[in-house]
J.: 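If you scroll down you'll find the structure; I have some questions about it.
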Amino acid sequence: MSRAGGITNAVNVGIAVQADWENREFISNISLNVRRLFEFLLQFEATTKSKLAALNEKLDILERRLEVLEVQVSTATTNPSVFT
Amino acid sequence: MTQPEEAVQNLSGETEMEKGKEKQEAATVSFSLNPEEPGTETDRFQQALLELKDLHSQLHQAADYCENAFLKAGNRKLVLESTKNYISDAVVAMVDHLGNVSSKLEHRLHGNIEAAQTEQKIDCLKQRLLTCQQYAVSLNLSAVQWSAKLPRYHQHYLSPLAQHPEKSTGISRDETADKIASETPRKKDRLAVTVCPSVSVAGDSVKIPNVGAGITFSTAVPVLEGSSILSKPCNSSFGSYTDDVHLLPGVDQKKKSMQGINLLSFLRLSKRKT
C-alpha cells in the first residue's frame, strides 16, 4: 500500500516536473520571440532614422536651391535691364 | 468560498478571457481588413499606429486579468493553458501589427515622390533662368560687337593708313570698324597712331634711311597708349627722339641707325655753337 502510494507520488512528481519543463520551454520561446521583436524594433528604428535623416538632408538641399533661385529671380526682376 | 462558487467564478473568468480573446481576434481581423480601405498612405499609417497603441493598452489589461484569474481560480491549470494560448496569439498579433506599421512607413518613405518632383521642378526653373541669362548675355554681346558709336579719332591724330582704309583695302567703313573691333587691342594701337609734327633740324625734316621711301621721319605714338606718352613734349632733344622711335612698329631693328642720326645731329649742333 505504502509502495503504491510512493509510486503514485513519484509519478505525480514526474508529471509536475514535466509540466514545469514544458512551462519553462514555453516561457523561453516567448522571451526569445520578444527579444527578436525588440531587436527588430531597434533595427527598424535605426533604419527609419537614417532614412528620415537622408530625406531631411534632401529637403534641406532642395530648400537651399529654391532660396537661391528665388534670389536670382528677384535680382532679375529688380534689374529688368538685364533682360532687355 | 464554496467550490460551486469557485467554479462559477472560474467559468465567468474563462468567459471573460474568451471575450478578451475574441476582442483581440476581432481587432486583428479588423486590422487585416484595413489595407483594403481606400485612403491615403498617411491615413493608413496613422491608423496602423493607433491600432498598435490600442494593442499596447489591451495587452496590459489582459495581463492584469490573467494574473488575477490565476491567483483566484481553483483550476489553475486551465487558466494557465488559456493564458499561454492568449500570449501566443498576442505575440503573433503584435508581430503582425509591427510588420504592418513598418511596411507602411517603409512604403511611405520609398514612395515619397514629392521630393523628386520638387527637385525636377527646381531643375526646370534653374534651366529656365539659365536660358534667360544666356539670352541676355547674347544680346549684350551683339550690342558690343556692332555699335554705331564706334570711337572715331580726329583726322589730325590718324595716320594716313588709318585715314583712308577704304582706299587701301577696298572695304566699307562698317566692315573696317568690325574688323578693327575684332582685332586685338595691341593691333588696334598699332593702326591708330598719332603723328607729331615732323622733327626738323635746321628747318628741314630729317629723312631716315631704311625706314621707307618718301616717308619723312616723324614720331608716332599709339593713340590708346595713354596720356603719359602723349603728354611728352615733342621737342628735338635726343632722348625723346629715340624714345618715340621705339613706339613705331618694326623700328626696334633700326635702333642702331637712329643712334647714328642722333650722333650726326649732335655734331651739327656742336658745329653751330662753335
Side-chain angles (χ1 to χ4, degrees), chain A residues 12 15-16 18-84, chain B residues 45 49 52 55 59 63 70 76-77 80-81 83-140 143:
Chain A
N12 286 334
I15 289 169
Q18 191 179 355
D20 183 60
W21 275 111
E22 282 176 359
N23 287 334
R24 283 171 189 269
E25 188 184 3
F26 176 77
I27 289 168
S28 66
N29 282 332
I30 292 294
S31 62
L32 183 66
N33 285 322
V34 170
R35 281 179 188 173
R36 280 180 183 170
L37 264 178
F38 186 68
E39 283 179 7
F40 166 76
L41 282 175
L42 284 178
Q43 195 177 353
F44 179 68
E45 185 196 7
T47 52
T48 308
K49 272 187 178 176
S50 68
K51 282 178 183 176
L52 284 174
L55 190 64
N56 190 28
E57 191 180 357
K58 207 172 182 179
L59 287 175
D60 279 343
I61 290 169
L62 284 178
E63 197 176 351
R64 266 184 246 145
R65 287 176 68 183
L66 200 63
E67 283 177 1
V68 169
L69 274 177
E70 279 178 359
V71 169
Q72 284 180 349
V73 169
S74 64
T75 310
T77 48
T78 49
N79 295 326
S81 59
V82 175
F83 293 104
T84 56
Chain B
F45 175 69
L49 213 60
L52 196 65
L55 191 66
L59 283 175
F70 184 77
R76 289 185 171 180
K77 196 174 181 180
L80 187 67
E81 288 299 320
T83 306
K84 276 180 173 179
N85 291 330
Y86 183 75
I87 288 170
S88 302
D89 292 341
V91 169
V92 171
M94 193 74 189
V95 170
D96 202 4
H97 272 78
L98 280 175
N100 185 34
V101 171
S102 60
S103 71
K104 282 187 175 168
L105 185 62
E106 185 85 9
H107 194 276
R108 176 113 180 86
L109 285 175
H110 271 292
N112 193 8
I113 56 169
E114 291 168 2
Q117 283 179 352
T118 311
E119 199 172 358
Q120 283 179 354
K121 282 179 184 176
I122 287 174
D123 283 340
C124 180
L125 280 173
K126 201 171 180 180
Q127 204 166 359
R128 276 183 175 180
L129 201 65
L130 200 68
T131 310
C132 288
Q133 282 177 349
Q134 205 171 356
Y135 181 67
V137 166
S138 65
L139 276 179
N140 285 333

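Order of the sequence lines fixes the chain letters, A, B, ..., with proteins taken first and strands second; residue numbering starts at 1 for each chain.
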J.: Just how far is it from atom CD of B:Glu114 to atom CG of A:Leu62, taken to the nearest 0.5 Å?
T.: 12.0 Å
J.: Could you tell me the separation between the SG atom of B:Cys132 and the CD atom of A:Gln72, rounded to the nearest 0.5 Å?
T.: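 Reported value, rounded in 0.5 Å steps: 11.0 Å.
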J.: Atom CD of A:Glu63 and atom OG1 of B:Thr118: how far apart are they, to the nearest 0.5 Å?
T.: 11.5 Å
J.: Would you say CD of B:Gln127 has more than 12 non-hydrogen atoms from neighbouring residues, nucleotides or ligands within 6.0 angstrom?
T.: no
J.: Counting only non-hydrogen atoms closer than 4.5 Å, does A:Ile30 touch chain B with its backbone (N, CA, C, O), its side chain (CB onward), both, or neither?
T.: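 Answer is side chain: those atoms of A:Ile30 sit under 4.5 Å from chain B.
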J.: With a 4.5 angstrom heavy-atom cut-off, which part of B:Leu109 approaches chain A: side chain, backbone, both or neither?
T.: side chain
J.: Which bit of A:Leu66 is near chain B, if near means a heavy-atom gap under 4.5 Å: side chain, backbone, both or neither?
T.: both
J.: Counting only heavy atoms not in A:Lys51, do more than 12 fall under 6.0 Å of its NZ?
T.: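 Result for NZ/A:Lys51: enclosed.
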J.: What I'd like to find out is whether the side chain of A:Phe26 reaches to under 4.5 Å of the side chain of B:Ile87, using heavy atoms alone.
T.: yes
J.: List the steps and the verdict of side chain to side chain contact (heavy atoms under 4.5 Å, CB included) for A:Asn23 and B:Leu80.
T.: CA-CA 9 Å; A:Asn23 287 334; B:Leu80 187 67; 3.7 Å; yes
J.: Chain B heavy atoms under 4.5 Å from A:Leu41: which part of the residue, side chain, backbone, both or neither?
T.: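 Only the side chain of A:Leu41 comes within 4.5 Å of chain B.
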J.: Please classify the contact of B:Leu105 with chain A as side chain, backbone, both or neither, using a heavy-atom distance under 4.5 Å.
T.: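 Just its side chain gets close to chain A.
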J.: Looking only at heavy atoms, what is the nearest atom pair of B:Met94 and A:Leu37, with distance?
T.: CG-CD1, 4.1 Å
